[in-house]
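Reading through the structure tokens given below for one structure.
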Amino acid sequence: MFDQFLIRQDSLENTTENGAVTGFRFAVRIADYRGCFLSLHNGYYIDCDGVVYPREKQRFAINGKPPRRFEELKECVWEHWDYDDEGLVYVDCPGGLAPGKHVIGLQQSILAQYGYMPWDEEWVKNPPVPGSGAGAGKTETVSSYTLELQEGGGR
């Protein structure tokens with residue numbers, strides 16, 4: 001239900017590093033009403049205009065800290081993402097996105113933080129691939145968003 005509102009509509013913009021456009025970013029919320037410890041945040045399934053961007057091409061920024069890879073976040077066992085806080089997903093995409101509208105398919109992967117299932121220990125060692133359905137938590141399906149690239153991006 002809430003997964004249809006994970007991306008803020010006016011947040012899609014290109015990113016730059018050292019004067020070169022290196023990708024794009026957008027603002028997200030967490031679908032889990034309890035929030036989560038960052039070590040349980042496993043990344044996203046992201047499909048932008050038919051191109052899939054795996055977890056290895058993603059970074060995540062929250063709590064005023066610079067964007068980090070999900071491999072780094074696995075070590076953030078005491079840092080929390082609160083329910084009402086907005087995070088930023090950065091996607092490596094040399095040249096960024098063209099001006100105009102873009103269709104993004106998104107599924108968030110947050111591993112369960114309560115209870116115990118037989119696969120939990122394996123998922124800590126080898127997290128499931130976002131978009132596979134495993135570890136999707138409160139986002140059972142891939143949601144589709146049509147977003148317009150904002151001018152003045154390039155942060």
Side-chain angles (χ1 to χ4, degrees), residues 1-74 76 79-113 123 127-155:
M1 174 179 77
F2 186 67
D3 42 339
Q4 293 297 319
F5 304 99
L6 293 179
I7 298 179
R8 182 166 40 89
Q9 286 294 314
D10 65 347
S11 66
L12 182 64
E13 55 187 30
N14 282 325
T15 57
T16 61
E17 291 179 28
N18 300 320
V21 178
T22 58
F24 60 94
R25 76 176 192 178
F26 51 88
V28 294
R29 292 252 165 117
I30 189 169
D32 193 319
Y33 63 91
R34 295 178 183 221
C36 79
F37 288 99
L38 289 185
S39 59
L40 298 173
H41 188 14
N42 186 42
Y44 295 88
Y45 170 81
I46 299 173
D47 173 330
C48 182
D49 300 329
V51 177
V52 175
Y53 295 91
R55 175 177 44 221
E56 296 73 30
K57 293 190 176 280
Q58 303 170 26
R59 292 174 292 146
F60 186 71
I62 191 77
N63 299 330
K65 296 186 178 179
R68 295 170 277 180
R69 301 265 175 213
F70 286 95
E71 279 301 310
E72 293 175 71
L73 294 182
K74 284 171 65 173
C76 299
E79 188 177 348
H80 201 261
W81 181 10
D82 294 330
Y83 172 72
D84 201 35
D85 291 348
E86 193 173 79
L88 291 169
V89 176
Y90 288 75
V91 180
D92 297 339
C93 174
L97 299 175
K101 292 187 179 185
H102 299 274
V103 177
I104 296 179
L106 183 87
Q107 185 177 40
Q108 194 174 74
S109 181
I110 306 285
L111 304 179
Q113 58 188 328
W123 282 1
V129 175
S132 67
K138 305 288 187 213
T139 57
E140 296 178 357
T141 63
V142 175
S143 296
S144 182
Y145 303 83
T146 301
L147 305 174
E148 186 153 4
L149 188 69
Q150 301 298 301
E151 291 185 31
R155 296 181 198 155

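Every heavy atom of this structure was used, including side-chain atoms; hydrogens, water molecules and symmetry mates were not. One is the number of the first residue; the rest follow in order along the sequence.
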Flag, side chain of [X] to backbone of [Y], donor-acceptor distance under 3.5 Å:
| X | Y | value |
| --- | --- | --- |
| Thr15 | Gly23 | yes |
| Gln108 | Ala31 | yes |
| Gln58 | Tyr44 | yes |
| Arg25 | Leu12 | no |
| Asp47 | Gly50 | yes |

What verdict does the side chain to side chain contact (heavy atoms under 4.5 Å, CB included) test give for Thr146 and Lys101, after you've listed the backbone C-alpha separation in whole Å, the side-chain angles of each residue and the deciding distance to 0.1 Å?
CA-CA 7 Å; Thr146 301; Lys101 292 187 179 185; 4.2 Å; yes

Salt bridge or not for [X] and [Y], using N-O below 4.0 Å?
| X | Y | result |
| --- | --- | --- |
| Glu71 | Lys74 | yes |
| Lys65 | Glu79 | yes |
| Glu17 | Arg59 | yes |
| Asp84 | Arg29 | yes |

Shortest non-hydrogen pair, Cys48 vs Ile104, comes out as SG-CG1, 4.0 Å

In terms of heavy-atom contacts, Ser109 and His41 come closest through O-ND1, 3.5 Å

Starting at [atom1] of [X], measure out to [atom2] of [Y] and round the result to the nearest 0.5 Å.
| X | Y | atom1 | atom2 | result |
| --- | --- | --- | --- | --- |
| Leu6 | Ser143 | CG | OG | 6.5 Å |
| Gln9 | Gln150 | CD | CD | 9.5 Å |
| Ile7 | Glu86 | CD1 | CD | 11.0 Å |
| Asp49 | Leu97 | CG | CG | 6.5 Å |
| Ser11 | Tyr145 | OG | OH | 10.5 Å |
| Phe60 | Tyr90 | CZ | OH | 10.5 Å |

What verdict does the side chain to side chain contact (heavy atoms under 4.5 Å, CB included) test give for Ser144 and Val103, after you've listed the backbone C-alpha separation in whole Å, the side-chain angles of each residue and the deciding distance to 0.1 Å? CA-CA 7 Å; Ser144 182; Val103 177; 3.5 Å; yes

- Query: Centroid-to-centroid, Trp81 to Phe37, below 6.0 Å?
  - Reply: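 So the answer is no for these two rings.
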
Before we go on, tell me: are the rings of Tyr83 and His80 under 6.0 Å apart, centre to centre?
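For Tyr83 and His80, the ring centres are not under 6.0 Å apart.
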
Query raised in the report: ring-ring contact (aromatic ring centres under 6.0 Å, His included) with Phe24: which residues, sequence neighbours excluded?
Result: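 For Phe24, the residues satisfying ring-ring contact (aromatic ring centres under 6.0 Å, His included) (neighbours in sequence not counted) are Tyr53.
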
>> Could you go through Ile46 and Val52, starting from their C-alpha distance and side-chain angles, then the distance that decides it, and tell me whether this counts as side chain to side chain contact (heavy atoms under 4.5 Å, CB included)?
In response: CA-CA 6 Å; Ile46 299 173; Val52 175; over 6 Å; no

- Item | Steps toward side chain to side chain contact (heavy atoms under 4.5 Å, CB included) verdict (Thr22, Asp92) | CA-CA 6 Å; Thr22 58; Asp92 297 339; over 6 Å; no

The single option from Leu40, Asn42, Ile62, Leu38 that satisfies side-chain contact (heavy atoms from CB on, under 4.5 Å) with Leu73 is Leu38

Heavy-atom side-chain contact between [X] and [Y] under 4.5 Å:
| X | Y | value |
| --- | --- | --- |
| Asn14 | Leu149 | yes |
| Ile30 | Cys36 | yes |
| Val142 | Leu106 | no |

